[in-house]
Amino acid sequence: RIIVVEGNVAAVHYVLQGRHTGTAYGQAPALGHNIQAYSGEVFEFDAQGLMRKLTTITQLDQVMAEALGERTSAKPECYTLRKIEARDDPATSAARRTLTRLHMHFNAGQTDAMAALFDPAVVEDRNGRLTHGRGAVVAAMLAYRDGFSGLTLNDEYVLVEGHRGAVEYNMVGVHDGKHTAPNGCILPPTHKAVRVRGIQFFELNPEGLITSVITVSNPQDFVQQIVR
């Protein structure tokens, strides 16, 4: 769906699709259910163009739930690669400032400054679930703090190409509040430290405001670290 390239690093967002006809991760029997889940990858290449590092994040909780029939995936949708609009240097610089500051403001608890980086009509697609409007998108980000104190989003890569951008980050915190698992169960505080990777893909307007964001993560990562 999306490819963002800057220098020797590329970020790719795609949708994993298929029919489950084999054993999934040694846990789910082949029941023939449709599978459709978000994935994101970040590649780093050497001077010869050979891949030297790869990070892959997939909604494995979605894959397992659909494989077991706990969630139903509709007939696989058709996707096309989204275009990248060329931008002049001022617009590119504005986009980079926004993406560099987004998680910095989150970590510092500067909610108003973080909210100001979003267009009022921004739409977030978080693992296939849509959230509309600046206030709702910011609230969804802040909601993670309810379950994890000292939560920070630490960027590893920030890429900008035209009107698109991508950020790979680590979410780090301590589970000392209630957290809702993907299956709806409420997990009481365990006071365990967690570290979860995520990738976000952005669209920005010429002024550098975020108009659209796709967040790809594996919510089951939280659960596995909490209950182990």
Q.
If you apply the rule side-chain contact (heavy atoms from CB on, under 4.5 Å), what do you find for N170 with V196, and how did you get there?
A. CA-CA 6 Å; N170 284 288; V196 176; over 6 Å; no
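- Using a 3.5 Å distance cut-off with no hydrogens or angles, the side chains of D155 and H103 do pair a donor with an acceptor.
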Q: For D125 and V213, run side-chain contact (heavy atoms from CB on, under 4.5 Å): C-alpha distance rounded to whole Å, both residues' side-chain angles, the deciding distance at 0.1 Å, then the answer.
A: CA-CA 6 Å; D125 181 346; V213 54; over 6 Å; no
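- Within a 6.0 Å radius of CG in D88, other residues, nucleotides and ligands contribute more than 12 heavy atoms.
- Looking at heavy atoms from C-beta onward, E41 lies in side-chain contact with L54 at the 4.5 angstrom threshold.
- Side-chain contact check for H13 versus V216: some heavy-atom pair is nearer than 4.5 Å.
- Side chain of K178 to main chain of P188: no donor-acceptor pair is present (N/O by atom type, distance under 3.5 Å, no hydrogens or angles).
- Ring geometry for H179 versus F222: interplanar angle of 30 to 60°, hence tilted.
- A11 is linked by a side chain to side chain contact (heavy atoms under 4.5 Å, CB included) to V42, L159, A166, F201, counting only residues two or more places apart in sequence or in another chain.
- Scanning both residues, V9 and E44, for their nearest heavy atoms gives CG2-CG, 4.2 Å.
- The two residues V160 and A95 have their closest heavy-atom pair at CG1-CB, 4.1 Å.
- Side-chain atoms of E66 and Q62 form a donor-acceptor pair, as typed in the model, at a separation below 3.5 Å.
- Side chain of T98 to main chain of G208: a donor-acceptor pair is present (N/O by atom type, distance under 3.5 Å, no hydrogens or angles).
- Counting heavy atoms from C-beta outward, Y79 and Q17 have side chains that approach closer than 4.5 Å.
- Here the closest heavy-atom approach between residue G165 and residue L99 is recorded as CA-CD1, 3.8 Å.
- For the 3.5 Å distance criterion, the side chains of D176 and S149 qualify, holding a donor opposite an acceptor.
- Remark: side-chain polar atoms of N8 are paired, donor with acceptor, to backbone N or O of F45 under 3.5 angstrom.
- Side-chain contact between R101 and M114 is absent, with no heavy-atom pair separated by less than 4.5 Å.
- Counting all heavy atoms, side chain and backbone alike, L60 lies closest to N218 at N-OD1, 3.3 Å.
- The shortest side-chain heavy-atom distance between I35 and R19 does not fall under the 4.5 Å cut-off.
- Here the straight-line distance linking atom OG1 of T215 with atom CZ of F202 works out to 6.5 Å at 0.5 Å rounding.
- Interatomic distance, CG of L153 versus CG of L102, reported as 8.0 Å (0.5 Å rounding).
- Distance CG/L204 to CD1/I210: 5.5 Å, rounded to 0.5 Å.
- Contact record, A37 with V63: CB-CG2, 3.8 Å, taken as the closest heavy-atom pair.
- For the residue pair E161 and I3, the shortest heavy atom distance occurs at OE1-O, 4.0 Å.
- Taking the six-membered ring for Trp and thresholds of 30 and 60 degrees, F148 and H175 have ring planes inclined between 30 and 60 degrees apart.
- Side chains of V172 and L151 form no contact here, defined as non-hydrogen atoms less than 4.5 Å apart.
- Residues forming a side chain to side chain contact (heavy atoms under 4.5 Å, CB included) with R82 (at least two apart in sequence, or on another chain): R1, I2, R164, E203, I214.
- Atom CG of D112 has 12 or fewer heavy atoms from other residues, nucleotides or ligands within 6.0 Å.
- R197 meets the side chain to side chain donor-acceptor pair (under 3.5 Å) test with E156, E168; sequence neighbours excluded.
- Separating the OG atom in S217 from the CD atom in Q59 is a distance of 7.0 Å, to the nearest 0.5 Å.
- A distance of 6.5 Å separates CD of Q225 from CG of D221, quoted to the nearest 0.5 Å.
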**Q.** Test side-chain contact (heavy atoms from CB on, under 4.5 Å) applied to R145 and F106, step by step
**A.** CA-CA 10 Å; R145 289 180 175 165; F106 177 92; 3.7 Å; yes
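- Note: N205 CG to E85 CD = 10.5 Å, rounded to the nearest 0.5 Å.
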Q. Going through the distances and angles, do T58 and Y38 end up as a side-chain contact (heavy atoms from CB on, under 4.5 Å)?
A. CA-CA 6 Å; T58 300; Y38 281 12; over 6 Å; no
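- Salt bridge R134/E124: absent, no basic N to carboxylate O contact under 4.0 Å.
- Between the side chain of H132 and the backbone N or O of V122, no donor-acceptor pair lies under 3.5 Å.
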